[in-house]
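First comes the structure, then the notes that go with it.
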Amino acid sequence: MMSEKILLIDGHSILNRAFYGLPDLTNSEGKHTGAVYGFLNILFRILEEEKPQYLAVAFDLHAPTFRHQMYEAYKGTRKAMPEELREQVPLMKEVLEAMEIPIVSLEGYEADDLLGTLGRRSEQRGMEVTILSGDRDLLQLATDHVLIRIPKTTKGQTVIENYHTQEVIEKYQLRPEQIIDLKALMGDSSDNIPGIPGVGEKTATKILLAYENVENAYAHVEEIKPNKAKESLRDHYDLAQMSKALATIHTDSPVSFDYDQAKLGELYTQRAYEMFQRLEFKNLLQRFACEPQENALEKNFFFCEDLQGAETIFEKAKAQEVVGVQIFAEEGDLLGVAIAVSREEIYYVEVSGFVSGEYLADKLAQVAKQTQIAAFHVKVLLKYVNVETWTQTFGAEVAAYLLNPLKTAYDYEDIGKEYLGQIFPGRQEVVGKKGDKDALAEKPEEMKRLGCFMAYVALAVKAPLEEALREAGMERIFQEIEMPLVFTLNSMEKEGIQVEGEALRVYGEQLQVRIGELEKQICGQAGEDFNINSPKQLGAILFEKMKLPGGKKTKTGYSTAADVLDKLAPKHPIVRDILEYRQLTKLKSTYADGLAGYIGEDGRIHSTFHQTITATGRISSTEPNLQNIPIRMELGRLIRKVFVPREGCIFLDADYSQIELRVLAHMSGDEKLIQAYREAQDIHRLTASQVFHTPFEEVTDLQRRNAKAVNFGIVYGISSFGLSQDLSITRKEAADYIERYFSTYPKIKGFLDGLVKKGKEDGYVTTMFGRRRPIPELKSSNFMQRSFGERIAMNSPIQGTAADIIKIAMNRVYSRLRQEGLRSKLILQVHDELLIETWEEELEQVSEILLEEMRQAASLDVALEVDMHTGKNWYEAK
DNA sequence: CCATTCACG
DNA sequence: ACGTACGTGAATGGT
């Protein structure tokens with residue numbers, strides 16, 4: 001008969017591993033659950049692999065152990081646990097209890113000792129033992145019948161290392177019990193076990209290979225090489241002995257253990273089911289027999305790999321009004337397509353034989369001519385499938401973003417759960433972080449199934465999302481702004497912008513010359529070489545070694561941010577050099593070197609524009625970010641010269657003049673500010689003249705600068721503290737400016753207060769076009785959080801309305817360029833600026849279109865003024 | 001993986 | 001009294 005098996009788990013260690021190795025989760029009550037979830041996932045996985053008859057989990061208690069009495073500093077082992085993890089410990093125990101899994105703890109002993117003891121006892125009873133822990137200390141327990149399993153997470157994949165005696169020897173060249181001696185010599189910082197100085201893993205292993213253990217090594221201490229180790233062991237033998245005692249796991253702890261209780265029973269109890277529901281462990285719920293199985297839907301999944309079948313499927317699709325689609329693709333190649341023809345018929349067509357990627361793309365394009373395609377990521381779909389117009393698509397991700405722009409991701413399973421009330425398998429859980437190609441190669445069946453789920457949800461979620469948009473009054477913003485924008489952005493990404501790589505390289509080299517000089521100068525003045533890029537090291541040099549004034553400012557130490565250094569500049573010439581060094585290294589790493597890495601084979605940079613990232617409705621840009629190319633400093637601004645139009649083209653650049661302030665004027669309805677805009681060519685000067693009761697011509701530069709700062713402050717959600725910081729004035733003076741501003745433009749204050757009030761009542765604020773921004777911070781009992789919420793309430797409608805306006809302009813410009821048969825292309829948007837690569841012969845017509853569509857994108861009580869320039873590079877076009 | 005810093009609107 | 005201006009993304013260092 002096969003011997004029985006027991007699984008022993010190191011509770012804290014596995015919980016820790018799950019906490020740090022996996023993204024944290026919170027359920028809708030805000031409870032942190034990620035570590036518990038990770039623990040359970042590992043538990044179920046091991047149970048399936050090992051099929052043990054017995055199971056127990058060991059936990060440390062808070063009480064001090066014999067190790068504490070032995071060694072004063074032995075306390076770091078339970079070092080500061082983050083609150084998010086700490087609160088999951090009792091939760092974990094509760095879950096284990098609900099699953100009727102025994103928890104073993106014993107005052108005065110660590111979990112290690114209990115695992116060692118139970119492991120040895122079980123082995124003596126003739127059992128096979130598996131110990132699961134994240135802690136390599138446990139390796140000392142390995143025998144031919146005691147298996148130590150250590151899970152490791154790399155890139156979201158959990159791989160488990162297995163150690164019987166033999167594997168320990170292979171990995172460490174040492175027998176399991178020698179692991180204790182290894183720790184005694186080299187120490188273990190994570191367990192606060194001191195090692196002997198100057199001996200690391202390499203030396204320790206060498207010593208043990210020669211002398212077996214610490215005691216014997218000491219007996220032959222004079223023979224030990226290298227010299228350093230010899231002396232160290234001679235001088236610190238007592239330390240090594242103590243460390244050995246600390247590292248030794250007890251296998252004879254007086255712990256009582258009832259094997260009958262540990263017998264693996266029905267884990268899936270009613271109580272466990274209720275807990276999993278409360279914790280929202282959707283994937284785990286499916287392990288319970290009582291849970292309705294998703295197979296109900298899966299029986300409608302059909303996998304197809306032949307041409308005949310594919311033809312039929314696409315014909316069926318064409319007969320529908322709308323189908324759900326999910327593609328799998330990578331680097332321009334379509335690998336497979338899932339199509340939900342209806343909720344009862346979901347197909348996955350894979351590339352194989354006569355069914356090529358091109359075929360699928362072509363068929364989908366034909367479908368899109370008559371059938372609307374609902375998909376999660378429409379812009380990605382457009383990279384592979386030519387869809388003529390936005391009316392033929394429904395973007396679930398974009399819809400979900402409008403309904404709640406605060407989420408960090410819009411995964412199909414989350415949207416499915418939220419709008420269908422059903423649980424779907426998450427991609428991350430099924431295949432991890434792999435790309436489509438790898439995932440399909442490694443887990444084809446799971447991926448096909450996943451594709452079908454995604455296509456199904458894309459289709460099924462359309463009606464509830466549309467209903468929610470209607471209720472929220474965001475139907476039009478979805479139909480008329482966001483969905484067309486998907487196509488506009490796709491075109492911009494596809495087009496890209498030409499960048500002169502060689503010029504960029506030369507620019508970088510010039511920077512490097514000066515950076516080298518500055519490095520020398522800075523380290524010379526500091527009197528030692530150090531890493532200037534390290535705020536920690538820099539802080540130590542400036543504020544400790546050189547004793548420059550400046551207190552702590554950040555959580556971690558001294559602040560060395562530019563505004564701090566600016567104030568320090570007069571005190572010592574090194575500060576100037578550091579500031580210059582910072583500026584130049586930034587330009588070199590982020591822009592010169594950074595951008596060069598993105599130049600494609602076509603000589604162009606194709607950034608990605610994100611439509612579902614910002615809380616306010618703005619677009620963002622990544623890989624690379626083309627919305628933060630330097631302009632404020634001349635040296636940085638020069639980078640723009642490497643952005644050039646293609647042969648035969650010229651850049652046409654237009655930006656809105658103070659669009660946010662104009663939006664404020666309009667939305668507040670303040671006649672005085674509106675009037676100011678109707679008259680003014682210099683709004684900041686006019687504001688200064690009105691706020692400070694000074695004739696327009698006599699406004700001083702200082703007054704103008706202050707007025708400009710107040711204008712900015714208003715848009716950001718004014719506070720006297722913020723303004724005082726910005727202008728380096730007292731709070732009182734700042735408060736005075738603000739008050740003068742509000743009495744000059746009386747309706748502004750009422751408008752801003754109204755926004756805050758509305759935000760508090762409704763839980764969200766809206767733009768002119770109905771875009772919403774929820775503000776949960778307004779409900780906070782924390783003053784700082786709540787104040788933040790109030791500023792958001794004042795800023796978001798303004799920033800968001802400006803974002804709406806330029807989006808409208810972009811769509812109109814894009815569609816007019818196409819309609820009028822022009823070859824010129826919109827290629828960049830930078831929040832209030834549009835850049836068009838214009839064919840020279842089209843310049844006049846395109847200029848007119850750009851100007852007209854930007855100005856008329858919205859009709860406000862103040863004009864939308866646009867500045868427009870041309871140039872043979874981006875530098876000149878501004 | 002988080003904090004810091006800095007580039008833009 | 002509390003202690004920040006609003007919205008982003010990339011590079012770097014260090015735990």
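Within every chain, numbering begins at 1; the chains are lettered A, B, ... in the order of the sequence lines, protein sequences first and strands thereafter.
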Using a 4.0 Å heavy-atom cut-off, does [X] contact any base of the nucleic acid, only the sugar-phosphate backbone, or nothing at all?
X        : result
A:Asp726 : base
A:Ile613 : sugar-phosphate
A:Ala803 : nothing
A:Ala793 : nothing
A:Thr614 : sugar-phosphate
A:Asn782 : nothing
A:Gly717 : nothing
A:Arg786 : nothing
A:Ser621 : sugar-phosphate

Open item on the list: Testing the 3.5 Å rule here: is there a donor-acceptor pair between the side chains of A:Glu482 and A:Tyr401?
Closed with: no

Open item on the list: Checking A:Glu865 against A:Tyr677: is there a side-chain donor and acceptor pair closer than 3.5 Å?
Closed with: no

Verify, without hydrogens or angle tests, whether [X] (side chain) and [Y] (backbone) share a donor-acceptor contact under 3.5 angstrom.
X        : Y        : answer
A:Lys536 : A:Gly557 : no
A:Glu493 : A:Phe609 : yes
A:Thr614 : A:Gly617 : yes

Open item on the list: The test is side-chain hydrogen bond (donor to acceptor under 3.5 Å, both in side chains); show your working for A:Glu777 and A:Ser780 and say whether it passes.
Closed with: CA-CA 5 Å; A:Glu777 292 88 348; A:Ser780 172; over 6 Å; no

With rounding to whole Å, what would you report as the distance between [N] and [M] at their [atom1] atoms?
N     : M     : atom1 : answer
C:dA5 : B:dT4 : P     : 13 Å
B:dC6 : C:dG3 : P     : 24 Å
B:dT5 : C:dT4 : P     : 14 Å

- [ ] Please report the C-alpha distance between A:Thr767 and A:Asp804 in whole Å, then the side-chain angles of each, then the deciding distance to 0.1 Å, and finally whether the side-chain hydrogen bond (donor to acceptor under 3.5 Å, both in side chains) criterion is met.
- [x] CA-CA 8 Å; A:Thr767 67; A:Asp804 292 343; 2.6 Å; yes

Open item on the list: Please identify the 5'-most and 3'-most nucleotides of DNA chain C with any atom under 4.0 angstrom from a heavy atom of chain A.
Closed with: C:dC2 to C:dT15

Task: Validation row: A:Phe643, A:Leu626 side chains within 4.5 angstrom (heavy atoms) - done: yes

TODO: For the pair A:Arg576 and A:Glu580, find out whether any cationic side-chain nitrogen is under 4.0 Å from an anionic carboxylate oxygen.
DONE: no

TODO: Please indicate whether A:Lys758 has more than 12 foreign heavy atoms, meaning atoms of other residues, nucleotides or ligands, lying under 6.0 Å from its NZ.
DONE: yes

Task: Over 12 non-hydrogen atoms of neighbours within 6.0 angstrom of CZ in A:Phe712 - done: no

Open item on the list: I'd like to know whether A:Ser657 forms a side-chain hydrogen bond (donor to acceptor under 3.5 Å, both in side chains) with A:Asp867, so could you lay out the CA-CA distance, the side-chain angles of the two residues, the decisive distance to 0.1 Å, and finally the verdict.
Closed with: CA-CA 7 Å; A:Ser657 157; A:Asp867 296 320; 4.7 Å; no

- [ ] Figure out the CD/C1' separation between A:Gln537 and B:dA3, and round it to whole Å.
- [x] 16 Å

Open item on the list: Strictly under 4.0 angstrom, non-hydrogen atoms only: write out the protein contact profile of nucleotides 4-9 of chain B, one letter per nucleotide from the 5' end, B, S or -.
Closed with: SSBBBB

Open item on the list: If a pair means Watson-Crick or G-U wobble with both distances below 3.5 Å, what does DNA chain C look like in dot-bracket form, with | marking bases paired to a different strand?
Closed with: .....|||||||||.

